[in-house]
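Beneath this line is the structure, given in structure tokens, with notes to follow.
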2 protein chains.
Amino acid sequence: MSSLRDVAERAQVAVSTVSAALNGTRPVAAATKRRIEQAAAELGYRPNLLARGLQSKRTRILALLFPTPAGGFGHTEMLFATGAAEAAKELGYHLLLSPESADPVDELRHLTGLGLVDGVLLMEVRLDDERTEFLSAAGVPFAMIGRTREPDAIDHADIDFAATARDAVAHVAGLGHRELAFFNLSPGRYAESYGPAARMAGEFATAAREAGLGYADGFRPGSAEEGRQAFERLMAERPGVTALAVADDHAAAGVLAGVAARGWRVPEDLTLVLVLSSARAAAMFHPSLTTLEPPSAELGRLGARMLIDRLQGDGPPRQRLVPCRLVPGGSSGPPRAGS
Amino acid sequence: MSSLRDVAERAQVAVSTVSAALNGTRPVAAATKRRIEQAAAELGYRPNLLARGLQSKRTRILALLFPTPAGGFGHTEMLFATGAAEAAKELGYHLLLSPESADPVDELRHLTGLGLVDGVLLMEVRLDDERTEFLSAAGVPFAMIGRTREPDAIDHADIDFAATARDAVAHVAGLGHRELAFFNLSPGRYAESYGPAARMAGEFATAAREAGLGYADGFRPGSAEEGRQAFERLMAERPGVTALAVADDHAAAGVLAGVAARGWRVPEDLTLVLVLSSARAAAMFHPSLTTLEPPSAELGRLGARMLIDRLQGDGPPRQRLVPCRLVPGGSSGPPRAGS
DNA sequence: GGAGGTTGTCGAAACGTTTCGCACAACCTA
DNA sequence: TAGGTTGTGCGAAACGTTTCGACAACCTCC
């Protein structure tokens, strides 16, 4: 690779002048600048990021820390990563994919000690997350996709759960439903402290109350079989429920089985709405399910942008909440007659 | 951060001695070494990757180039990335996630010119891929997940399509089926030159012939609706078919709808097998589908390892083929009576 | 007892940038 | 004409490593 020195020689100027001309860091006479730019182009000069980073203490590399949940990564998480990578690239940054080990804090200590990354993007943030404490204490700039229990002091992008729940409730209320139930994510797959599960439950209850709808929750099926059982129990306990929102794909499949087992059909006898699931997944059901699709790529992009903004200048921490997108499917309809 | 010089001062030795002691790059007296190590530990010394890379021309950073298909990224592709990142980490490397723009070659030129990465991992490789030519010409070490038309000269990890097809055929033949059909990926979602689609079709035909099974293909439904139509056409043309392998999830959903529309059931009247789809997706169907799950994470790991091996020393190009894993579901059964 | 080898350490150069103080000429102003 | 002000460019130092030749001290063997 050609270096700054090669360019300087070819343009007959000093190395420092080339640097100044190429970076616009201080004024360079127009003629000289043109000569330098031409020499650089002819040599196909590319600045060496390592040298630049070593000197300037800024690498323009971001790390995306991702956990490896036992169940594997979902489509949603993938989109965080690709969205963040794309936004980073647009702004001239690179994204390092950093798997989290058993000890995330130690991992972070290592990663940030290397001098390789300018900032860290955290995902799968828990309500109480030790990583944020470490990063704050270490003075490493970071942003979150998701949020902790007390997130106001930290840049973050997250789902607007309140708006999402309101949209979902408005959707079924608009169809005429008067009683709604919600099946949350299973406690097995996500611990209690998993933000989305906790927040979604709360916001659904609030939205249903405000809309004057009957509301049932407390079910947390994590598989098709559990979904079927939960549905049967729900129908036994609350026979008036005509609309059901489900957070787990597999559980939704079980609900459909339960519906069929009763001789019922969707959407005639039950309106079924998926929550936090991609339209892609929702389209694989029969009938296709209405879903509230999380804005994952968007959140990834926002997270990366916030982090980069933070690196470039400061200001008060910012937070962006984005609601899920309601994608209507064939599973929404008016409430069944006789309820 | 503390530097090598800080450690040297504290241990009362020269900087170069610290470097030697810590890297084992040349012998250092045991006592000195111990003193140095202690000083390093006390200061929490971490080598600066940038400085090291600048000097040694080796950054231990790999780039994973990923395209952003219009349809979005699948679970499969995600696992390539996480698998590769994990393997890289285990071997002391880092993985840079690099989104591909409209002009992948220019992208590569840029990326490799930065001096930031030691090697490149390519995924979504096409049968004729301009990226491989560029990288070979530029002398940049790389490996592929997937393979080109003539892959023998390049390190790569890919699915063993032949074994996968044989396993699938053996599975249905073992259940007693005598006639099999295959619905490939749609030409819309993947161009003709997409390797997996091309190879899978060929290997299925071969495996069926070798097993003495009747075989039908040429269908390429890309959506639920197309899947239903293809199924109806298949039944009209080849009423003797009792087993069907489908590569597209959505198409499979359509097939299930078509089966139901005929008053048939799975698996009693049709054995349905998913190909190249995750067990997770297969479990969302009702009944759950038998699937040939691609070893995506494994391929990602293998790709990263191969690339790292290549960086550390040379040898002949290596290739690893891994078959899909057959995950039995509720959609496999003996052929329907009367066929 | 000196030639030759071995062992352990040091200092300096190099990697490719950025940054900063300084030199120098040209030009303006009083 | 002396003194100040711009505009432009140069050279050197610094960032934190690795690498390599030099060299002192010690051991070994004739």
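We name chains A, B, ... by the order of the sequence lines, and we start the count at 1 in each one. Worth knowing before you read on, the calculation uses all heavy atoms, side chains too, and leaves out hydrogens, waters and symmetry mates.
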Scan B:Glu100, B:Glu107, B:Glu124 and name whichever one has a salt bridge (charged side-chain N to carboxylate O under 4.0 Å, His left out) with B:Arg131.
B:Glu100

Between P on D:dG11 and CD on A:Glu9, what's the gap in Å once rounded to a whole number?
13 Å

Quick one: does A:Leu96's side chain get under 4.5 Å of B:Leu95's, heavy atoms only?
no

Determine, step by step, whether B:Phe142 and B:Leu121 satisfy the side chain to side chain contact (heavy atoms under 4.5 Å, CB included) criterion, reporting the C-alpha distance in whole Å, the side-chain angles of both residues, the deciding distance to 0.1 Å, and the verdict.
CA-CA 6 Å; B:Phe142 71 105; B:Leu121 204 50; over 6 Å; no

Measure the shortest side-chain to side-chain distance between B:Leu111 and B:Ser98 over non-hydrogen atoms and say whether it is less than 4.5 angstrom.
yes

Check this for me: does any side-chain nitrogen of one of B:Asp106 and B:Arg109 sit under 4.0 Å from a carboxylate oxygen of the other?
yes

Can you check the B:Arg58 CZ to D:dG16 P distance for me, whole Å?
23 Å

Table of protein N/O atoms under 3.5 Å from nucleotides 17-21 of chain C N/O atoms:
| from | atom 1 | to | atom 2 | distance (Å) |
| --- | --- | --- | --- | --- |
| C:dT17 | OP1 | A:Tyr45 | OH | 2.9 |
| C:dT17 | OP1 | A:Asn48 | N | 3.4 |
| C:dT17 | OP2 | A:Leu4 | N | 2.7 |
| C:dT17 | O5' | A:Tyr45 | OH | 3.1 |
| C:dT18 | OP1 | A:Asn23 | ND2 | 3.1 |
| C:dT18 | OP1 | A:Arg52 | NE | 2.9 |
| C:dT18 | OP1 | A:Arg52 | NH2 | 3.2 |
| C:dT18 | OP2 | A:Ser19 | OG | 2.7 |
| C:dT18 | OP2 | A:Asn23 | ND2 | 3.1 |
| C:dT18 | O2 | A:Gln55 | NE2 | 3.3 |

How far does the helix from C:dG1-D:dC30 to C:dA30-D:dT1 bend, going by the axes of its first and last five pairs, to the nearest 10°?
60°

Would you say the side-chain atoms of A:Asp118 and A:Thr59 include a donor-acceptor pair closer than 3.5 Å?
yes

Which of these nucleotides, D:dC15, D:dG9, C:dC15, is closest to any side-chain atom of A:Leu54?
D:dC15

Side-chain N,O (B:Thr17) to OP1/OP2 (C:dC10) below 4.0 Å:
yes

Below 4.5 Å, heavy atoms only, C-beta onward: do A:Pro104 and A:Glu130 meet side chain to side chain?
yes

Close side-chain approach of B:Leu79 and B:Arg301, heavy atoms under 4.5 Å:
no

Do A:His156 and A:Arg320 have side chains that approach each other closer than 4.5 Å (heavy atoms only, starting at C-beta)?
no

Ionic contact status for B:Arg318 with B:Asp309, cut-off 4.0 Å:
yes

Interface with DNA chain C, restricted to residues 30-39 of chain A and to heavy atoms under 4.0 Å:
none

Minimum heavy-atom distance A:Val7-A:Ala40, with the two atoms named
CG1-N, 3.9 Å

D:dT19 P sits how many Å from B:Lys57 NZ, rounded?
13 Å

